[in-house]
Amino acid sequence: MPVIDEGFLQHTHETLHNLRGHGAVCPIRMPRGTPSYLVTGYDEARSLLSDPRLSKDNRGAYDLMAKKVGPENINRNFGQLLGAHMLNTDPPDHTRLRKLVNKAFTSRAIAGLRPRIEEVATELLDAMAEHEQADVMAAFAGPLPITVICELLGVREEDRGEFSGWSNTMLGAGAIEDVQAAVISMHTYLVALVAQKRAEPGDDLLSGLVLATDEGDSLSEDELVSMAFLLLVAGHETTVNLIGNATLALLRAPEQRAKLAADPALMPGAVEEFLRFDGPINIATLRYTVEDVEVGDDTIPAGEFVQVSLLAANRDEQRFPDPADLDVTRAAGGHLAFGHGIHYCVGAPLARLEAEIALNGLLARFPNLKLAVPEEELVYRTSTLVHGLTKLPVVLA
């Protein structure tokens, strides 16, 4: 049985391509030993992402995990500390939770953020321009979405550095003790932040959620803290890695970069291609079968974890011709980088807008941008969820 290990995470596309030779669905073992089924085919992934026979209920997932790896190997209380959010629920709870945040992330609402996103991007690019070299991840791809989502939610500027560190640790595959410490720190901080918003509400999304009531239904305290966690982490991690991966893709494909430099109006469509070509999410958040599910010629039995690889699905040659080639003029609609179905990423409009502004700004300010290190020195994060670089050193001149 193939195992998702460090080699997988550092050479993800190559490994997924090879695993597709086992079929669109194959048994695998996750980094911490959990047996699962990996889905790599586009049609199969799209179908399963919206299949009600696959549950995302957090409580049921822990029951199944205890059965698979033994109750002594999991900490249910720790694992559920920040888990009462909409990505870990099924309808009707998911429907209720999502309805409370949908209006904040409409395309129209996000469009109103354009001037502020452009302002933040310009400030970061100005700071980069004072140096001959920079790390795109630390100097630009990271700070831009973190600043925007923290302002949107009302997180103080002095707290953003710690928050980013906790997020990196929690999404990684490092020592379980480090992950637990990060979760506890994040939870403690968010409980205090929610209390602050309740005492002194401001003109921000988190204050709105604290006060929100929708047809007589509001968020419980656990749901509120978990939702703040989800919006903060998902609200920046996707865009951080979208910008980083797209920048590297353009450094590797100068002819595609030249097309965008010559016609910035291509950027909105190019962002869709970046999402398809090397998206920020590798394996979608956890799902498990509640009954037998037929997938093509295979059957995934009830009571099994299912890992849907969005990266693999978006490079399925049955759906996208020449999928390993970057083409900024490609009609890349229909990709699964933001998922599919009722759990489709609520922050997709924000990620798209931030990436468009960031990449146009980066190309315009630094037309001769190039890698400062050999490609083989680039390292990817040790995470099965997010797909992104730890650093992207570049020469700016």
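Every heavy atom of this structure was used, including side-chain atoms; hydrogens, water molecules and symmetry mates were not.
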Exercise for review: Calculate, to the nearest 0.5 Å, the distance between atoms CD and CZ belonging to Glu273 and Phe320 respectively.
Suggested key: 8.5 Å
Review point. When rounded to the nearest 0.5 angstrom, what is the spacing between SG in Cys26 and CD in Gln307?
Key: 11.0 Å
**Study point:** Side-chain donor-acceptor pair present, His387, Asp278, cut-off under 3.5 Å
**Key:** yes
Exercise for review: Answer yes if the side chains of Asp90 and Ser55 hold a donor-acceptor pair under 3.5 Å, and no otherwise.
Suggested key: yes
**Study point:** Hydrophobic cluster identity match, Ile342 and Leu97, side-chain contacts under 4.5 Å
**Key:** no
Check your understanding: Do His343 and Arg287 have side-chain heavy atoms sitting under 4.5 Å apart?
Key -> yes
Exercise for review: State whether the number of non-hydrogen atoms from other residues, nucleotides or ligands found under 6.0 Å of Asp126 atom CG is greater than 12.
Suggested key: yes
Check your understanding: Would you say Thr12's side chain and Leu9's backbone share a donor-acceptor pair under 3.5 angstrom?
Key -> yes
**Study point:** Salt bridge Arg330-Asp325, side-chain N to carboxylate O under 4.0 Å
**Key:** no
Review point. Does any non-hydrogen side-chain atom of Tyr344 lie less than 4.5 Å from one of Leu49?
Key: no
Check your understanding: With a cut-off of 6.0 Å (strictly less than), are more than 12 heavy atoms of other residues, nucleotides or ligands near CD of Glu132?
Key -> no
Practice item. May I ask you to decide if Gly83's main-chain N or O and Asn88's side chain share a donor-acceptor pair within less than 3.5 Å? Key: yes
Exercise for review: Verify the cluster assignment for Leu232 and Ile184: are they in a single hydrophobic cluster under the rule of side-chain heavy atoms below 4.5 Å apart?
Suggested key: yes
Exercise for review: Please check if any side-chain donor atom of Thr239 sits under 3.5 Å from a side-chain acceptor atom of Glu354, or the reverse.
Suggested key: yes
Exercise for review: Taking all heavy atoms of Leu336 and all of Ala45, pick out the closest pair and write down the distance.
Suggested key: CD1-CB, 3.9 Å
Review point. With side chains defined as the heavy atoms from C-beta onward, is the minimum distance between His236 and Leu144 less than 4.5 Å?
Key: no
Check your understanding: Is there a donor-acceptor contact under 3.5 Å from the side chain of Ser226 to the main chain of Asp222?
Key -> yes
Practice item. Using the side-chain contact (heavy atoms from CB on, under 4.5 Å) rule, take Ile300 and Asp292 through it: C-alpha gap first, then chi angles, then the decisive distance, then the call. Key: CA-CA 6 Å; Ile300 303 177; Asp292 292 357; over 6 Å; no
Review point. Same cluster or not: are Leu206 and Val191 linked, directly or through other Ile, Leu, Val, Met, Phe, Trp or Tyr residues, by side-chain heavy atoms under 4.5 angstrom apart?
Key: yes
Check your understanding: Taking atom NE2 of His11 and atom CD of Glu6, what is their separation to the nearest 0.5 Å?
Key -> 8.5 Å
Check your understanding: So, for Ser383 and Leu171, which heavy atoms are closest and what is the spacing to 0.1 Å?
Key -> OG-O, 2.6 Å
Exercise for review: Spell out, as yes or no, whether a donor-acceptor pair under 3.5 Å connects the side chain of Ser50 to the backbone of Gly341.
Suggested key: no
**Study point:** Main-chain N/O of Val379 paired with Thr390 side-chain donor or acceptor, under 3.5 Å
**Key:** yes
Check your understanding: Can any side-chain N or O of Thr34 pair as donor or acceptor with the backbone N or O of Met30 at less than 3.5 Å?
Key -> no
Review point. So do the side chains of Met170 and Phe229 get within less than 4.5 Å of each other, counting heavy atoms only?
Key: yes
Study note, to complete from the structure: Rounding to 0.5 Å, atoms CG (Asn58) and CG (Leu286) come to a distance of 8.5 Å
Point to revise | ring pair (Phe, Tyr, Trp, His ring centres under 6.0 Å) involving His335 - partner list, sequence neighbours excluded | key: none
Exercise for review: Check step by step if side-chain contact (heavy atoms from CB on, under 4.5 Å) holds for Thr15 and Asn18.
Suggested key: CA-CA 5 Å; Thr15 307; Asn18 293 334; 5.6 Å; no
Practice item. Write out all pairs satisfying side-chain hydrogen bond (donor to acceptor under 3.5 Å, both in side chains) with one or both partners inside residues 184-200, taking only residues at least two apart or from two chains. Key: Asp159-Tyr189, Lys197-Asp204, Arg198-Glu221
Review point. Do NZ/NE/NH1/NH2 and the carboxylate oxygens of Arg114 and Glu356 come within less than 4.0 Å?
Key: yes
Review point. Which pair of heavy atoms, one from Leu326 and one from Ala253, lies closest together, and at what distance?
Key: CD2-CB, 4.1 Å
**Study point:** Side-chain H-bond candidate by donor/acceptor type, Asp57 with Thr89, under 3.5 Å
**Key:** no
Review point. Does one hydrophobic cluster hold both Leu378 and Leu251, with members joined at side-chain heavy-atom distances below 4.5 Å?
Key: yes
Check your understanding: So, does Ser207 use its side chain to make a donor-acceptor pair with the main chain of Gly202 at under 3.5 Å?
Key -> yes
Check your understanding: Judged by atom type as modelled, is there a donor-acceptor pair below 3.5 Å linking the side chain of Arg315 to the main-chain atoms of Phe277?
Key -> yes
Exercise for review: Could you walk me through whether Val101 and Met86 pass the side-chain contact (heavy atoms from CB on, under 4.5 Å) test, one step at a time?
Suggested key: CA-CA 10 Å; Val101 298; Met86 59 189 179; 3.7 Å; yes
Check your understanding: Counting only N and O atoms by type, is there a donor-acceptor contact under 3.5 Å from the side chain of Gln256 to the main-chain atoms of Leu250?
Key -> no
Check your understanding: For Lys391, does the NZ atom have more than 12 heavy-atom neighbours from other residues, nucleotides or ligands under 6.0 Å away?
Key -> no
Exercise for review: Please determine if Arg381 and Glu237 form a salt bridge, counting it only when a charged side-chain N lies under 4.0 Å from a carboxylate O.
Suggested key: yes
Revision key, fill the gap. Shortest non-hydrogen pair, Pro268 vs Ala265, comes out as CD-O, 3.3 Å
**Study point:** Reported CE-to-CG distance for the pair Met227 and Leu153, which is rounded to 0.5 angstrom
**Key:** 11.0 Å
Point to revise | Within residues 242-253 or reaching into it, pairs that qualify as side-chain hydrogen bond (donor to acceptor under 3.5 Å, both in side chains) - sequence neighbours excluded | key: Arg252-Glu375
Point to revise | Heavy-atom neighbours of His94 NE2 exceed 12 at 6.0 Å | key: yes
Review point. Is the count of non-hydrogen atoms from other residues, nucleotides or ligands lying under 6.0 Å from Glu317 atom CD greater than 12?
Key: no
**Study point:** Residue pair Phe366 / Met128, side-chain heavy-atom distance below 4.5 Å
**Key:** yes
Check your understanding: Would Asp327 and Thr329 count as a side chain to side chain donor-acceptor pair (under 3.5 Å) if you check the C-alpha gap in whole Å, the side-chain angles of each, and the deciding distance to 0.1 Å?
Key -> CA-CA 5 Å; Asp327 180 0; Thr329 63; 2.7 Å; yes
Review point. Looking at side-chain heavy atoms only, is the closest gap between Val295 and Tyr37 below 4.5 Å?
Key: no
Point to revise | Heavy-atom side-chain proximity of Val346 to Arg98 below 4.5 angstrom | key: yes
Review point. Which atoms form the tightest heavy-atom contact between Leu87 and Leu230, and what is the distance?
Key: CD1-CD1, 3.6 Å
Revision key, fill the gap. Rounded to the nearest 0.5 angstrom, the CG-CG distance for Leu310 and Asn282 is 7.5 Å
Point to revise | pair Leu113-Glu151: side-chain heavy atoms closer than 4.5 Å | key: no
Exercise for review: Say whether, by atom type as modelled, one donor and one acceptor occur between the side chain of Thr40 and the main chain of Ala312 under 3.5 angstrom.
Suggested key: no
Exercise for review: Identify whether Ile146 and Leu205 are in the same connected component of the hydrophobic contact network (ILVMFWY, side-chain heavy atoms under 4.5 Å).
Suggested key: no
Exercise for review: Heavy atoms only: give me the nearest Leu392-Gly244 pair and the separation to one decimal.
Suggested key: CD2-O, 3.7 Å
Practice item. Starting from the C-alpha separation in whole Å, work towards a yes-or-no answer on side-chain contact (heavy atoms from CB on, under 4.5 Å) for His13 and Leu311. Key: CA-CA 7 Å; His13 286 294; Leu311 289 183; 4.1 Å; yes
